[in-house]
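Below is one structure, written out as structure tokens; the observations come after it.
For the numbers below, each heavy atom of this structure counts, side chains included, while hydrogens, waters and symmetry mates do not. FYI, the numbering just counts along the sequence from 1.
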Amino acid sequence: MIVAAALVSCTQASSGGGPGADVPAASADPAADRARLAEDTENADRAEREAAAEETDVVPTPGPALVRDAFATLQATLDDTCTPGAGDCAYFLGRVTQELTELDESMRADDKGPGHFKQPLADMKVLFDKLGDDRSEAHLEKYFSEIVGTRDGINTWMQDHPDDYR
């Protein structure tokens, strides 16, 4: 019986079944085994480095600025103006429009929720509906009063809500 058990054990090992079937068989050349182990380790290390490099290449996109930060950049335009038709409005009106867009995004993302900013969001919606997607100087100049008026109205509203910008 002992011979039969040994024979079954040898048969399983040589046929790929039995305990240790997933362990690679050692070759007769220990140097070849060491070389294969070193190559496998090197490949695994390379794969880990490549995966780590791919992870660091992904740059997270920041969310909207805080309301106070977006409002501060809008406030920086309060003393600025231009003369429609004089050719000096492209930068100014483009900047105010961009600052209003960013403030709109910040108010919608704020923890207080858009309901807290109901009036300024409504004012900006009216302006953005008028402006549409056209940000050309001539188009923005056409709505000069609305752009500046929206900026000034939001400034007044925010002054009455100092907890939103301090």
Side-chain angles (χ1 to χ4, degrees), residues 16 19-24 34-166:
D22 60 341
V23 178
R34 285 192 299 274
R36 185 174 51 246
L37 179 62
E39 183 179 339
D40 290 345
T41 302
E42 182 180 325
N43 288 340
D45 290 345
R46 184 180 320 116
E48 285 180 30
R49 285 191 305 272
E50 288 171 1
E54 287 176 10
E55 288 176 12
T56 59
D57 289 347
V58 176
V59 178
T61 55
L66 296 173
V67 170
R68 67 179 178 151
D69 296 340
F71 177 60
T73 59
L74 179 66
Q75 267 192 315
T77 70
L78 284 177
D79 293 330
D80 295 343
T81 192
C82 67
T83 306
D88 64 345
C89 285
Y91 171 77
F92 170 70
L93 293 175
R95 178 176 175 198
V96 172
T97 303
Q98 181 63 37
E99 300 296 350
L100 288 169
T101 300
E102 291 173 6
L103 183 60
D104 180 86
E105 292 170 358
S106 295
M107 287 178 170
R108 291 181 190 284
D110 191 83
D111 291 339
K112 293 179 183 177
H116 176 74
F117 300 102
K118 188 176 181 178
Q119 184 62 50
L121 288 171
D123 293 346
M124 286 186 279
K125 181 178 181 349
V126 168
L127 175 65
F128 297 149
D129 286 348
K130 287 180 182 178
L131 292 178
D133 293 331
D134 187 352
R135 295 297 186 262
S136 66
E137 182 176 10
H139 187 70
L140 293 178
E141 283 183 2
K142 179 178 172 183
Y143 294 101
F144 175 86
S145 296
E146 289 87 345
I147 294 170
V148 172
T150 301
R151 175 199 65 184
D152 295 347
I154 289 173
N155 180 60
T156 300
W157 188 90
M158 290 293 287
Q159 295 302 323
D160 290 337
H161 297 83
D163 56 310
D164 291 317
Y165 66 90
R166 290 191 180 149

Under the disulfide bond (SG atoms under 2.5 Å apart) definition, can you give me all pairs with a residue in residues 107-166, not counting sequence neighbours?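 Found none.
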Listing request: all disulfide bond (SG atoms under 2.5 Å apart) pairs with a residue in residues 85-166, at least two apart in sequence or in separate chains. Cys82-Cys89
Compare all side-chain heavy atoms of [X] with those of [Y] and state whether any distance is below 4.5 angstrom.
| X | Y | value |
| --- | --- | --- |
| Arg135 | Thr97 | yes |
| Phe144 | Thr81 | yes |
| Leu100 | Phe128 | yes |
| Lys142 | Lys130 | no |
| Arg151 | Val148 | yes |
| Leu93 | Glu137 | no |
| Val67 | Met158 | yes |
| Ile147 | Leu131 | yes |

On the 0 to 90° scale, with breaks at 30° and 60°, tag the Trp157-Phe117 ring pair as parallel, tilted or perpendicular. tilted
Judged by atom type as modelled, is there a donor-acceptor pair below 3.5 Å linking the side chain of Thr156 to the main-chain atoms of Asp152? yes
Look at atom CG of Asp111 and say whether more than 12 heavy atoms of other residues, nucleotides or ligands are closer to it than 6.0 Å.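 Incorrect, the count does not exceed 12.
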Identify, with sequence neighbours excluded, every residue that meets side-chain contact (heavy atoms from CB on, under 4.5 Å) alongside Leu66. Arg68, Asp69
Let me see the working for Thr83 and Phe92 under side-chain contact (heavy atoms from CB on, under 4.5 Å), right down to the final yes or no. CA-CA 10 Å; Thr83 306; Phe92 170 70; over 6 Å; no
Out of curiosity, Asn155 CG to Asp160 CG, how far, rounded to the nearest 0.5 Å?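 Asn155 atom CG to Asp160 atom CG measures 10.0 Å (nearest 0.5 Å).
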Can you tell me how far CG of Asp104 sits from NZ of Lys125, rounded to the nearest 0.5 angstrom?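 Answer for the NZ-CG pair, Lys125 versus Asp104, is 10.0 Å.
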Indicate the atoms forming the closest heavy-atom contact of [X] with [Y], along with that distance.
| X | Y | result |
| --- | --- | --- |
| Glu99 | Ala70 | OE1-O, 4.5 Å |
| Ala109 | Pro64 | CB-CG, 3.8 Å |
| Gly87 | Glu141 | N-OE2, 4.5 Å |
| Ile154 | Met124 | CD1-CG, 3.4 Å |

Salt-bridge present (Lys112, Asp163; N to O < 4.0 Å): yes
